[in-house]
Amino acid sequence: MTAVEDPTSAVDLPPAKEVGQARRRKEDARLITGKTTWTDNMVLPGMLHLAVLRSPVAHGRITHLDVSAAKERPNVVAVYTGRDLAEEQGSLPCAWPVTPDMVNPGHPSIAVEQINHVGEAVAIVVARSRTAAADALEAIDVDYEPLPVVLDMEQAVQEGSPLVHDSTTSNTSYHFVFDAGEAGTGGDTEQAFADAEVTVSRRFVQQRLIPAFMEPRSVVVQPSGDSYTMWSATQIPHILRVMAAMVTGIPEHKLRVIAPDVGGGFGGKLQVNPEEILCLLIARRLGKPVKWTETRGESLMTAHHGRDQVQFIDVAADRDGTVRGLRVRLLADMGAYLRLITPGVPALGAFMFPGIYKFPAYRFECDGVFTNKVPTDAYRGAGRPEATFAIERIMDELAVELDMDPLELRRKNWINTEEFPFTTVAGLEYDSGDYHQATEQALELLGYDELRAEQKRRRDSNDPVQLGIGFSTFTEMCGLAPSRVLGSLAFGAGGWEQASIRMLPTGKVEVVTGSTPHGQGHETAWSQIVADELGVPFEDVEVLHGDTAISSRGLDTYGSRSLVVGGTAVVKAAEKVVEKARVIAAHLLEANADDLEFTGGKFTVRGTPGAGVGIQEVALAIFAAHDYPEGVEPTIDAEATFDPENFSFPHGTHICAMEIDTETGFAKIRKYACVDDVGTIVNPLIVEGQVHGGLAQGIAQAMYEEAIYDAEGNLTTGSFVDYLVPAASDLPHFDTGNTVHVATSNPLGAKGVGEAGCIASTPAVVNAALDAVRHLGVTDIRMPLTPERVWRAIHAGGDGGDRAAQGSNAYGGARTTESGIQEAAQ
Amino acid sequence: MTQINVRVDGASYTDDVEPRTLLVHYLREQLGKVGTVVGCDTSNCGACTVHLDGQAVKSCTVFAVQADGCQVTTIEGVATGEGESATLHPVQRAFHEMHGLQCGFCTPGMIMASIDLLKENPDPSDEEVREGIEGNLCRCTGYQNIVRAVRQAAAEMSGKAADDPQAEPAAVDTAAADHVAAQA
């Protein structure tokens, strides 16, 4: 390094690299002191409050709706029904028609005639206060004619099933197929199964989950002449602006969307919500600012859900364990409508079922099915947790069938380090990794040998508390996404990201990003990246985001894309700043630009010690613009748009050790160890935090959470009393580690980390539970692993789910025809 | 309407409230204390936790009229001093140091509950912290760094950290020690 060799002084040393440092977060200062800007904090002069009357029936027609008494209630300004807004509400957008013939019946923001799920908006009261609006709801008189409720996908796709939508001929929205043989990325799947020595088939259930972000959704819209500003607790201010403009007809340039502090999303705020559209329409009608903030009950009932698949998985293999083929058939519950990417979630998962294994043949089919439930859409992992669960579970089942160690079976089939980049049977090119190394490290972290020995002791002594160890050796595709790939999948937008860098005259730096954080720490990580790229102090960088008037171009935050796509855009913009500054610096130093070196924020002339100018000085010089070269614009600000060439493929090995009390069915994680490879780590503190949070949600799917509807379509888990978001006492300590194999698709070498823990952990937990009790004849336990289900699986056979699901639609217990509402109506 | 007199974060307020008004709504809507937030409607999440006469309460389970004559401390009142020169409470500082928050929505309640926990038990184990904050839900962190933060604050508040800088936080958790040490 030239600077080190420079004898003049140590102060010329470049600062230590910021990337890789466990910087404490810039965001925290306001969050730990309550100086926050949540949307619900917003108060505007004359602001009115919305309350929504929601349908108590899952499927029916509105036969009578009288809001006149509500209009007379004190402090009520207006009341609107679907009929009032029918002409202008359009349809909520679905951006992902996964097949050309996909059936999309349209999605009104407020029901006009027909109700298709409990919680659908029926009327809206606008009042001077939140309480006045809520009070007036009870004065609305409404009657419904019930229709047969469709809840169970396997019944819904049968010939003769009642229909969710009259306008359709079946409850199937689409049939999506990926066949590796037809795509030219693999062999003939049917032949592979015909030739196989061993096949194993299973039906797995991915229960319905609720994202359950901590900050309830909230929207404020302020009209100003013919322009509108919307504040929303959203992950996607940029996409929301475009979509809201298209839905309402408000010109895009007259609509500004701001995502202020947003309290978590996990995909749940990757949506164009009915209430966002309704707030816009009503603010336009009244010419006054309006606010809607949901209650938790509304949130659980009406914000989109996630997962909800029935998975039929077949694997073909040789006796020695070599896998020969994989066949997947899914029923994916769309719910009542197609929201923003509802149909795309299972299709995104289609490419991940083969996981890290070298399957020569693969076929995927999925039916998207309408039911009378709230729509599903993105939830942390979106398609990939479902795929990972299926493949990691079926590998264990295959191991049992072959009487092989589950890890030995995985080792036999996974991609070896020297084989990267590796093109999979699904056509994806995996970038880098070392599955062997991650696994060895994770085994060590867990203390594998000792736990296996203890398992044997407990088994031999017939201990009522049995121990099991479960693996998940996963990878996922993230960093959404190459625009061309999205185009080939018929997605309605690209996958690029934008950043710009403004060099202020005092040397401070503003970074404008199209990524939209809601807890991920972008302000800190982006500052670290820019500090390195420009050689400026971390503290001198301010990151701006989440406001379409400030950050005019962006595609927001989801799919573990922010760092690998948005962060790369920041790098590219910084590179442009340096190149523009280089020309100015050369002019100021009276040197040739080609002779300049840029290190530690300073341009120096090669071979001329002492001569140099800092990039922050260049910023001031070009602001004054008294002396700069001809033919050059007087700014070193720059922007860049980055479109990735490939996804990134984080991977890792997760191992769960689980204790099962065979007498009570109580399952308790004894130890959880994981080693993740997310490429270059910009901030280890943030990466570790993302892994922890992902683990919590993945473990919660395995053990605690399920959105359950009763036979009439009521959500029975509509509060935090019943929907079990785990508390601190419900979760174990996590032993986490990393290996680093840099991504090849971006200059940072980073792979996404936001979803990894959530994608990986669920099958490790279930595999562990089964490993604990398989010797008792248990072959599956329905998620979540409640004590009742575990106990029944041990003592009554089956997967424990049947009794638990009786009287509900939780797969197996649901009977949706000729019951409930119909009979009650007679 | 009922008149109440309340001292909140060191200032006195006299207000008329509807008897049904919850303390959290009084704080947010009448006093503008929006640092305290509402996360649920069943008293499960704890996001609205404040101190009422020094005791942690979920302010969605207390009517404003019940706070009449009481002292309320919110997240906005736990630091000493004001503005940029304010000195953070050790628990606030520890949440920052240990990365005990991500989106930050549960954080005000989590910090208020943790301060109360440390008053009851100045030196809790990991397990005791987990039990002690089980009335507060966090969806982002998986709680591990919150547990670290509370134990780090406990060490600082009891003077242990000052006596033996090596004792915490590495002793709390070995898995992250390298990461945490990277930025000494």
Side-chain angles (χ1 to χ4, degrees), chain A residues 20-25 27-36 38 40-41 43 130-131 212-216 261-266 295-297 445 518-521 684-686 688-697 719-721 725-731 733-737 757, chain B residues 18 20 25 28-29 32-42 44-45 47 74-76 78-79 86 88 92-93 95-97 99 101-108 111 126-127 129-131 133-147 173 175-176 178-183:
Chain A
Q21 300 288 317
R23 273 281 186 187
R24 303 314 191 261
R25 298 196 319 166
E27 292 85 344
D28 293 352
R30 64 180 187 274
L31 299 171
I32 58 177
T33 54
K35 308 293 186 214
T36 37
W38 316 114
D40 187 54
N41 293 1
V43 177
R130 179 179 54 78
T131 47
F213 34 76
M214 287 311 298
E215 182 208 12
D261 282 337
V262 175
F266 316 110
T295 64
R296 178 57 61 184
L445 260 184
H518 35 283
Q520 298 91 340
L685 212 56
I686 291 176
E688 189 193 34
Q690 288 292 316
V691 171
H692 287 174
L695 292 177
Q697 289 181 16
S719 79
F720 277 162
V721 179
V725 170
S729 48
D730 298 319
L731 290 170
H733 180 89
F734 310 123
D735 289 296
T736 60
Chain B
E18 281 190 70
R20 66 172 176 171
H25 289 134
R28 287 182 57 81
E29 292 168 15
K33 292 271 177 188
V34 293
T36 302
V37 296
V38 182
C40 74
D41 38 26
T42 49
N44 287 89
C45 81
T74 77
I75 188 66
E76 297 175 53
V78 292
L88 295 176
Q92 289 176 305
R93 214 159 37 235
F95 269 67
H96 173 60
E97 274 301 309
H99 190 32
L101 65 150
Q102 290 180 28
C103 83
F105 194 79
C106 76
T107 307
I111 287 176
D126 276 18
E127 210 52 42
V129 174
R130 286 179 183 273
E131 295 290 337
I133 60 168
E134 71 178 351
N136 290 67
L137 297 178
C138 168
R139 193 57 158 168
C140 294
T141 64
Y143 301 104
Q144 188 154 318
N145 287 346
I146 292 176
V147 175
D173 187 282
D178 291 344
H179 302 339
V180 175
Q183 196 211 7

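Every chain is numbered from 1 and lettered A, B, ... according to where its sequence line falls, protein lines coming before strand lines. The basis for the numbers below is simple: all heavy atoms, side chains too, and nothing from hydrogens, waters or symmetry mates.
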Contact part of [X] toward chain B, heavy-atom cut-off under 4.5 Å: side chain, backbone, both or neither?
| X | value |
| --- | --- |
| A/Asp730 | neither |
| A/Leu731 | both |
| A/Gln520 | neither |
| A/Val262 | backbone |

Against chain A, label [X] side chain, backbone, both or neither, depending on which of its atoms sit under 4.5 Å from a heavy atom there.
| X | answer |
| --- | --- |
| B/Leu101 | both |
| B/Tyr143 | side chain |
| B/Ile146 | neither |
| B/Val38 | backbone |

In terms of heavy-atom pairs under 4.5 Å with chain A, which of [options] leads?
| options | value |
| --- | --- |
| B/Arg130, B/His99, B/Arg139 | B/Arg139 |
| B/Pro108, B/Gly142, B/Cys103 | B/Cys103 |
| B/Glu127, B/Glu134, B/Glu76, B/His96 | B/His96 |
| B/Thr107, B/Ile133, B/Thr141 | B/Thr141 |

Q: Determine, for A/Asp261 against A/Arg30, whether the closest basic-nitrogen to carboxylate-oxygen distance falls under 4.0 angstrom.
A: yes

Atom pair [atom1] ([X]) and [atom2] ([Y]), whose distance is rounded to the nearest 0.5 Å:
| X | Y | atom1 | atom2 | value |
| --- | --- | --- | --- | --- |
| A/Thr295 | A/Arg130 | OG1 | CZ | 10.5 Å |
| B/Thr36 | B/Arg28 | OG1 | CZ | 8.0 Å |
| A/Asn41 | A/Lys35 | CG | NZ | 11.5 Å |

Q | Winner by heavy-atom pair count (cut-off under 4.5 Å) against chain B, out of A/Val43, A/Thr36, A/Ile686, A/Val691 | A | A/Ile686

Is there side-chain contact between [X] and [Y], with heavy atoms separated by less than 4.5 Å?
| X | Y | answer |
| --- | --- | --- |
| B/Gln92 | A/Asp28 | no |
| B/Cys45 | A/Arg296 | no |
| B/Gln102 | A/Glu27 | no |

Q. So A/Phe734 and A/His692, would you call those rings parallel, tilted or perpendicular, with 30° and 60° as cut-offs?
A. tilted

(Q) So does A/Ala22 get a backbone contact from the side chain of A/Arg24, meaning a donor-acceptor N/O pair under 3.5 Å? (A) yes

